[in-house]
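Presented below is the structure to which this report refers.
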Amino acid sequence: MTDRLRIAIQKSGRLSDGSFELLKNCGLKISRGKDRLYGRVKEMPIDVMLLRDDDIPEFVADDACDIGIIGENVFEEALLVDGHDAPAERVMPLGFARCKLMIAGPKEWDYENANGLAGKRIATSYPGLTGAWLEREGVKARPVMMKGSVEVAPRLKVADAVCDIVSTGATLDANGLKPLATVFESEAVLIRNRNAFSSEKQAIFDALLKRIDGVITSRDAKYVMMNAPRAAIGAITEYLPGVDAPTVLDLAGQPDKVAIHAVCRESVFWGQLEELKKLGASAILVLPIEKMMA
Ligand code: PRT
Ligand code: ZN
């Protein structure tokens, strides 16, 4: 029987859309049944377990799964609480579910720096990350552990400030709080069990990693084509974001002009197209890239 790679992802929540989409873009189809905890992928020997995000680091560390997708905030907190010799390790950032763990306090607070937190009670679901930050800042404050609804703690007078995940900041604002300091910047990350995989499993893992890498590098990449004066090739190449060596083609009957084709590894914005026009480019086309493999 073939050894199958077991991957843990969040069943439903802020990580699940990004996780399903990443796997789909890697060519893996997973049916997403409402009550299903387990999915089998047809295209590769991979099984998917659908879990609550908090359980993912432990499932991967305990060898119940081989790899997992988790918010870096949850993974780092688990490492701080369970110890850095935990048998799971970070493989790579995945570029979605970006957010910040931030200290926030009442809007009327005159906060200048971390010293202003001395002696205060800080409500958080992240006592490990919060405590480590306070220690780095050399401030003695008291983290108060709360499992949920952290943002209401100051209003209920159970804490003076909070340390919570912030994305747009709307939740803080609605609760009369303002962000004061960033404790940790997070995004979804791929983690793996530290034990060596069987050679069969390692080969599946390596193939999946190559595909993930391809998906991530092609996410913002664009294929750009334009016509340009031959004399402007240098200036245009220099200007294009994330381009190594563009392809330059002659244009029939127009000795002073060329066609330039290039893969831009970063997003291309309207303002940049306007700059290219100023450099003499015309007929500029920007096309999405579906797949890329180095
Ligand atoms: O049910 P399960 O246990 O699996 O999920 P969960 O409810 O514990 O987690 P979930 O799905 O809310 O978040 C999973 C991960 O997504 C987090 O661990 C972060 O890594 C990441 N993430 C990204 C966020 C946010 N953005 C986010 N905005 N996690 C939480 N939030 C909260 C925030 O704390 C606030 O209360 O969403 C609310 C809205 O945020 P604002 O700032 O946009 O108002
Ligand atoms: Zn959770």
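Whatever order the structure lists ligands and atoms in, that order sets their numbers, starting from 1.
Linking ILVMFWY residues whenever their side-chain heavy atoms come closer than 4.5 Å, directly or via other members, leaves V150 and I103 in distinct clusters.
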Determine, step by step, whether D206 and K201 satisfy the salt bridge (charged side-chain N to carboxylate O under 4.0 Å, His left out) criterion, reporting the C-alpha distance in whole Å, the side-chain angles of both residues, the deciding distance to 0.1 Å, and the verdict.
CA-CA 9 Å; D206 290 343; K201 207 176 257 188; over 6 Å; no
Checking salt bridge (charged side-chain N to carboxylate O under 4.0 Å, His left out) for the pair D54/K147: CA distance, chi angles, key distance, verdict?
CA-CA 12 Å; D54 319 72; K147 281 266 181 200; over 6 Å; no
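Per-residue contacts place V166 under 4.0 angstrom from the following atoms of ligand 1 (heavy atoms of the residue considered): 42 (O). Those atoms of ligand 1 that come under 4.0 Å of a heavy atom in V74, given as number and element, are 18 (O). Annotation for ligand 1: atoms under 4.0 Å from non-hydrogen atoms of Q10 are 2 (P), 4 (O), 5 (O), 9 (O), 10 (P), 11 (O). Each of the atoms 19 (C), 20 (O), 21 (C), 22 (N), 23 (C), 26 (N) of ligand 1 lies under 4.0 Å from some heavy atom of C99. Near G13, with a cut-off below 4.0 Å to any heavy atom, the atoms of ligand 1 are 11 (O). Using a 4.0 Å cut-off to heavy atoms of G71, the atoms of ligand 1 that qualify are 20 (O).
Of all protein heavy atoms, the one lying nearest to atom 40 (O) of ligand 1 is T171 OG1, 3.7 Å. The protein heavy atom nearest to atom 14 (C) of ligand 1 is D53 OD2, 3.5 Å. Distance from atom 15 (C) of ligand 1 to its nearest protein heavy atom, with residue and atom name: L15 CG, 3.8 Å. When hydrogens are left out, the protein atom nearest atom 41 (P) of ligand 1 is T168 OG1, 3.3 Å; that is the closest non-hydrogen contact. At the top of the distance list for atom 18 (O) of ligand 1, counting protein heavy atoms only, stands N73 ND2, 3.0 Å. Among protein heavy atoms, the minimum distance from atom 1 (O) of ligand 1 is reached at R52 NE, 3.5 Å. Scanning all protein heavy atoms for the shortest distance to atom 28 (N) of ligand 1 gives S167 CB, 3.2 Å.
Judged by the 6.0 Å and 45° rule, R192 forms a cation-pi pair with F197. With a 6.0 Å cutoff to the six-membered ring centre and a 45° limit on the axis angle, R90 does not count as a cation-pi contact of F75.
Not a single donor-acceptor pair under 3.5 Å links the side chain of E185 to the backbone N or O of K100. For the pair R4 (side chain) and V41 (backbone), a donor-acceptor distance under 3.5 Å is present. No donor-acceptor pair under 3.5 Å is formed between the side chain of E43 and the backbone N or O of L28. Not one N or O on the side chain of E137 forms a donor-acceptor pair closer than 3.5 Å with the backbone of L134. Using a distance-only test at 3.5 Å, with no hydrogens or angles considered, a donor-acceptor pair links the side chain of R211 to the main chain of C26.
Counting only heavy atoms, the protein never gets under 4.0 Å from atom 7 (O) of ligand 1.
Considering backbone and side-chain atoms alike, G169 places an N or O below 3.5 Å from some N or O of ligand 1. Remark: ligand 1 and R14 share an N or O pair separated by less than 3.5 Å (distance only, no angle test).
Results of the side chain to side chain donor-acceptor pair (under 3.5 Å) test with D160 over R121, R142, K120 single out R121 as the only residue that passes.
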Under 3.5 Å, sequence neighbours excluded: what are the donor-acceptor pairs made by side chains of residues 105-112?
residue	atom	partner	partner atom	Å
K107	NZ	D173	O	3.1
K107	NZ	D173	OD1	2.8
Y111	OH	A114	N	3.3

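For D53, the N, O or S atom closest to the Zn ion (ligand 2) goes by the atom name OD1. When the N, O or S atoms of D54 are ranked by distance to the Zn ion (ligand 2), OD1 comes first.
The proximity of I165 to ligand 1, defined as any non-hydrogen pair under 4.0 Å, involves the side chain as well as the backbone. At a 4.0 Å heavy-atom cut-off, ligand 1 touches D54 through the side chain alone.
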